[in-house]
Amino acid sequence: MTGPTPHTPTKAQLLELVAALGTAQWQDFAAAAARHGLTSVQAKLLAQLKGPVPMRGLAALLLCDASNVTGIVDRLEARGLVRREPDPADRRVKNVVATDEGRETIRRVRAEMQATHSALDALDEAERTALYGLLERLRPGLEHRG
């Protein structure tokens, strides 16, 4: 005798769950950022700086106007978390680069996301591996759109 057959979730159910998880993760990120004196948008900008990124590129990543990025970068620069430098290929373009202090700050923000870490701790190694594989399969269809 077998147990009940699990039903296949609908796309709407999956979207609702992904949205709920994304919202909870964002709230955890914002709370951790606030403990470091950062707004969620400042922390998001800092998290995008894996290398030099042009100001316009940051505006696209943050889905905001380039003029908004200027103010965000100004505040981060005043705290020593980022610096502007001319692009070697086009000196009219200003790239934003995280400083060592900026990289350490965003590392600490991510490490302090306790709700997110606790949720992931509920998964065993095989479940984390499976979840990672599934999310990686979804990523290309959701990133770099528009």
**Report entry** Closest non-hydrogen atom pair between Gln114 and Ala111, with its separation
**Finding:** NE2-O, 3.4 Å

**Report entry** Side-chain donor/acceptor of Arg128 to backbone N/O of Leu123, under 3.5 Å
**Finding:** yes

Query raised in the report: Taking a hydrophobic cluster as the set of Ile, Leu, Val, Met, Phe, Trp and Tyr residues connected by side-chain heavy atoms closer than 4.5 Å, whether directly or through intermediates, do Val93 and Val53 fall within one such cluster?
Result: no

Query raised in the report: Out of curiosity, does Leu17 fall in the hydrophobic cluster containing Leu131 (side-chain heavy atoms, cut-off under 4.5 Å, transitive links)?
Result: no

Query - Exam field: side chain Arg79 to backbone Gly37, donor-acceptor pair closer than 3.5 Å - result: yes

**Report entry** Heavy-atom pair with the smallest gap, counting every atom of Arg103 and Ala98
**Finding:** NH1-O, 2.6 Å

Report task. Measure from the side-chain N and O atoms of Arg75 to the backbone N and O of Gln42, and report whether any donor-acceptor pair falls under 3.5 Å. Result -> no

Report task. Work out which heavy atom in Arg110 is nearest to a heavy atom in Ala47; give both atom names and the distance. Result -> NH2-CB, 3.2 Å

Query raised in the report: Taking the side chain from Gln48 and the backbone from Leu45, do they hold a donor-acceptor pair closer than 3.5 Å?
Result: no

Query - Leu46, Val73, Ile72 screened by side-chain contact (heavy atoms from CB on, under 4.5 Å) with Val96, the one that passes - result: Val73

**Report entry** Straight-line distance of Arg83 CZ to Lys94 NZ, nearest 0.5 Å
**Finding:** 12.5 Å

Query raised in the report: Where do Glu77 and Thr99 land on the side-chain contact (heavy atoms from CB on, under 4.5 Å) test, with the steps shown first?
Result: CA-CA 9 Å; Glu77 193 171 37; Thr99 63; over 6 Å; no

Report task. Mark yes when over 12 heavy atoms from residues, nucleotides or ligands other than Arg137 sit less than 6.0 Å from its CZ; otherwise mark no. Result -> no

**Report entry** Contact check, side chains of Thr8 and Gln13, non-hydrogen atoms, under 4.5 Å
**Finding:** no

Report summary line: Separation between NZ (Lys44) and OG1 (Thr39), nearest 0.5 Å, reads 11.5 Å

Query raised in the report: Which distance, rounded to the nearest 0.5 Å, do you find between the CG of Asp100 and the CG of Leu81?
Result: 11.5 Å

Query raised in the report: Just wondering, do Asp87 and Met55 contact through their side chains at under 4.5 Å, heavy atoms?
Result: no

Report task. Evaluate whether atom CD of Glu136 has more than 12 neighbouring non-hydrogen atoms of other residues, nucleotides or ligands under 6.0 angstrom away. Result -> yes

Query raised in the report: So does Lys11 have more than 12 non-hydrogen atoms from other groups sitting under 6.0 Å from NZ?
Result: no

Query raised in the report: Between Pro52 and Glu85, what is the shortest heavy-atom contact and its length?
Result: CG-OE2, 4.3 Å

Query raised in the report: Backbone N or O of Ala115 within a donor-acceptor pair of the Asp28 side chain at under 3.5 Å?
Result: yes

Query raised in the report: Distance from Ile106 atom CD1 to Leu49 atom CG, nearest 0.5 Å?
Result: 9.0 Å

Requested in this report: Drop me the distance from Arg56's CZ to Leu61's CG, to the nearest 0.5 angstrom.
Outcome: 13.5 Å

Query raised in the report: Taking atom CG of Leu63 and atom CG of Asn68, what is their separation to the nearest 0.5 Å?
Result: 11.5 Å

